[in-house]
Amino acid sequence: MRIMGLETSCDETSVSIVDNGKTILSNVISSQIALHALTGGVVPEVASREHVEQVNAVIQESLVQAHTSFSEIDAIAVANRPGLMGALMVGVSAAKALSYALDIPLIGVHHIEAHIYANFLTDPNIQFPLVCLVASGGHTQIFLMRSHGDYQLLGKTLDDAAGEAFDKSARLLKLGYPGGIMIDRLAKEGNPSAIKLPRARLGAGSLDFSFSGLKTAVLNATAVSFDDHPIEDWCASIQEAIVEVLVEKTLRAAINNNVKTVLAAGGVAANSHLQSELRKASASKGFRFAIPEKVLCTDNAAMIACAGYYHITAGHKDALDLDVIATEALAK
Ligand code: KG4
Ligand code: ZN
């Protein structure tokens with residue numbers, strides 16, 4: 001089954017063509033990062049207009065790169081929730097038009113579910129039960145999955161997402177937007193214990209997160225001692241404070257639920273330190289560990305096509321009145 005996936009929930013216009021939920025024929029990503037760097041963050045109306053400008057060209061390019069034509073596409077999958085309303089509407093409108101014109105099924109996909117499914121692109125034989133840490137610019141959650149499509153929320157952030165903690169700290173370090181990847185790069189040369197920063201553990205056994213205290217601590221510390229430490233030490237110390245808590249709680253969730261596999265997903269899962277620490281911690285406790293390749297951690301449409309494949313093969317499909325939804329939890 002050849003699925004075209006569309007992703008326009010935030011600041012990437014992406015279209016991908018994936019065979020049988022695993023073979024990526026194309027995964028075209030048009031990033032708006034340069035545009036949003038001008039304002040230091042995503043302005044929703046600017047994002048929507050840019051998606052309108054880009055979407056047709058990105059669809060065409062995805063067909064060209066996949067050496068395929070519309071007539072060979074079997075279904076359309078589109079991120080329809082959660083996300084920026086205007087941005088989502090661009091992808092969903094294009095997806096409906098394609099589904100109607102080509103007379104093929106349409107499936108709306110939850111963006112967070114798709115982040116998790118990026119792992120199944122890398123390895124379709126991942127073993128259940130599993131826990132997956134989803135850490136992105138807008139979300140930080142730990143899910144338990146016992147089978148495909150079955151999610152139990154084990155922990156979530158009570159305030160900022162991990163990606164926000166990276167991006168807001170990077171802004172305080174004057175590293176520009178989005179800063180997660182800059183912190184990752186510079187931290188490699190830094191000392192992670194150079195600057196003392198808080199870890200919010202929220203009580204023994206809690207699987208929830210809180211990153212707003214870290215943000216305030218970085219604000220206060222940079223205000224008084226920014227010049228006392230090299231930028232690399234700031235980056236390594238901030239990264240360590242975020243990664244330590246993410247790894248600790250993900251592993252606790254895995255142990256508590258006696259799972260076979262530990263997964264990570266979302267933009268922050270592209271962080272090299274998080275990847276190596278999670279890999280090490282999982283191996284030490286005997287869990288299998290998987291993580292999508294970096295380009296599949298951040299927003300992309302291959303993950304949408306992959307999640308769409310599992311829905312369509314389970315018999316799900318949407319009608320042409322498919323809605324966009326700004327906020328919807330994947331699981332309670
Ligand atoms: O999943 P994503 O592309 O978009 C959302 O759905 O939010 O995640 C974007 C987030 C941003 O906060 C970005 O700074 C962070 O992921 N990010 C990273 C890295 N690459 C992207 N954070 C830390 N290290 C990275 N290498
Ligand atoms: Zn995302």
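Side-chain atoms are counted along with the backbone in the values below, which use heavy atoms only and exclude waters and symmetry mates. Predicted model only: the values in this text are computed from it and were never measured. Just follow the structure's listing: the first ligand is 1, and inside any ligand the first atom is 1.
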Problem - For His115, atoms of ligand 1 separated by under 4.0 Å from a heavy atom - result: 1 (O), 6 (O)
Completion exercise
Taking the Zn ion (ligand 2) as the apex, NE2 on His111 and NE2 on His115 give an angle, to 10°, of 90°
Handout entry: Side chain Asn80, main chain Val92, donor-acceptor under 3.5 Å
Key = no
Exercise for the section: Using distance alone, determine whether Glu164 and ligand 1 share an N or O pair under 3.5 Å. Expected result: no
Practice task
Would you mind telling me if ligand 1 is within reach of the side chain of Glu12, the backbone, both or neither, using heavy atoms under 4.0 Å?
Solution key: neither
Handout entry: Lys280 NZ/CZ over Phe289 ring centroid, <6.0 Å and within 45° of normal
Key = no
Exercise for the section: Flag yes if more than 12 heavy atoms outside Phe70 fall under 6.0 Å of its CZ atom; otherwise flag no. Expected result: yes
Practice task
Write out the residue and atom name of the closest protein heavy atom to atom 9 (C) of ligand 1, then the distance separating them to 0.1 Å.
Solution key: Gly137 N, 3.7 Å
Problem - Residue and atom name of the nearest protein heavy atom (relative to atom 22 (N) of ligand 1), distance in Å to one decimal - result: Gly180 CA, 3.5 Å
Problem - Side chain Asp167, main chain Gly179, donor-acceptor under 3.5 Å - result: yes
Practice task
Answer yes or no as to whether an N/O/S atom of Cys10 is found below 2.8 Å from the Zn ion (ligand 2).
Solution key: no
Handout entry: Presence of salt bridge, Asp74 and Arg2, under 4.0 angstrom
Key = no
Practice task
Please find out if the Zn ion (ligand 2) and some N, O or S atom of His139 are separated by less than 2.8 Å.
Solution key: no
Practice task
Return the orientation label for the His111 and His115 ring planes: parallel under 30°, perpendicular over 60°, tilted otherwise.
Solution key: perpendicular
Problem - Ring centroid separation His148 to Phe120 under 6.0 Å - result: yes
Problem - Glu248/Arg201 salt bridge by N-O under 4.0 Å criterion - result: yes
Practice task
Can you sort out which atoms of ligand 1 are near Gly163, meaning under 4.0 Å from one of its heavy atoms?
Solution key: 12 (O)
Exercise for the section: Do me a favour and list the nearest non-hydrogen protein atom to atom 24 (N) of ligand 1 with residue, atom name and distance? Expected result: Asn271 ND2, 3.0 Å
Completion exercise
ligand 1 to Ser136, heavy atom cutoff 4.0 Å, flagged ligand atoms 1 (O), 5 (C), 6 (O), 7 (O), 8 (O)
Practice task
Among the N/O/S atoms of Asp299, select the one at the shortest distance from the Zn ion (ligand 2) and name it.
Solution key: OD1
Exercise for the section: Before giving the answer on side-chain hydrogen bond (donor to acceptor under 3.5 Å, both in side chains), spell out for Gln60 and Ser62 the whole-Å C-alpha distance, their side-chain angles and the decisive distance to 0.1 Å. Expected result: CA-CA 5 Å; Gln60 280 305 333; Ser62 77; over 6 Å; no
Exercise for the section: On the 0 to 90° scale, with breaks at 30° and 60°, tag the Phe143-Tyr151 ring pair as parallel, tilted or perpendicular. Expected result: perpendicular
Practice task
Locate the shortest heavy-atom distance separating Leu130 from Gln127; write the atom from each residue and the value.
Solution key: CB-O, 4.0 Å
Handout entry: Proximity flag Gly138 to ligand 1, non-hydrogen atoms under 4.0 Å
Key = yes
Exercise for the section: Among all protein heavy atoms, pick out the one at the shortest distance from atom 3 (O) of ligand 1; state its residue, atom name and that distance to 0.1 Å. Expected result: Asp299 N, 3.0 Å
Practice task
Report yes if some N/O of Thr298 lies less than 3.5 Å from some N/O of ligand 1; otherwise report no.
Solution key: no
Practice task
Take every heavy atom of His139, measure it against each atom of ligand 1, and state whether any distance is under 4.0 Å.
Solution key: no
Problem - Joint cluster assignment, Leu278 & Leu263, ILVMFWY side-chain distance < 4.5 Å - result: no
Practice task
Starting from atom 26 (N) of ligand 1, find the nearest protein heavy-atom neighbour and note its residue, name and distance.
Solution key: Asp184 OD2, 2.8 Å
Fill in the blank from the handout: protein heavy-atom neighbour closest to atom 14 (O) of ligand 1 works out as Asp167 OD1, 2.6 Å
Handout entry: Sub-4.0 Å heavy-atom approach of Gln239 to ligand 1
Key = no
Exercise for the section: List the closest protein heavy-atom neighbour of atom 18 (C) of ligand 1: residue, atom name, distance to the nearest 0.1 Å. Expected result: Gly267 O, 3.7 Å
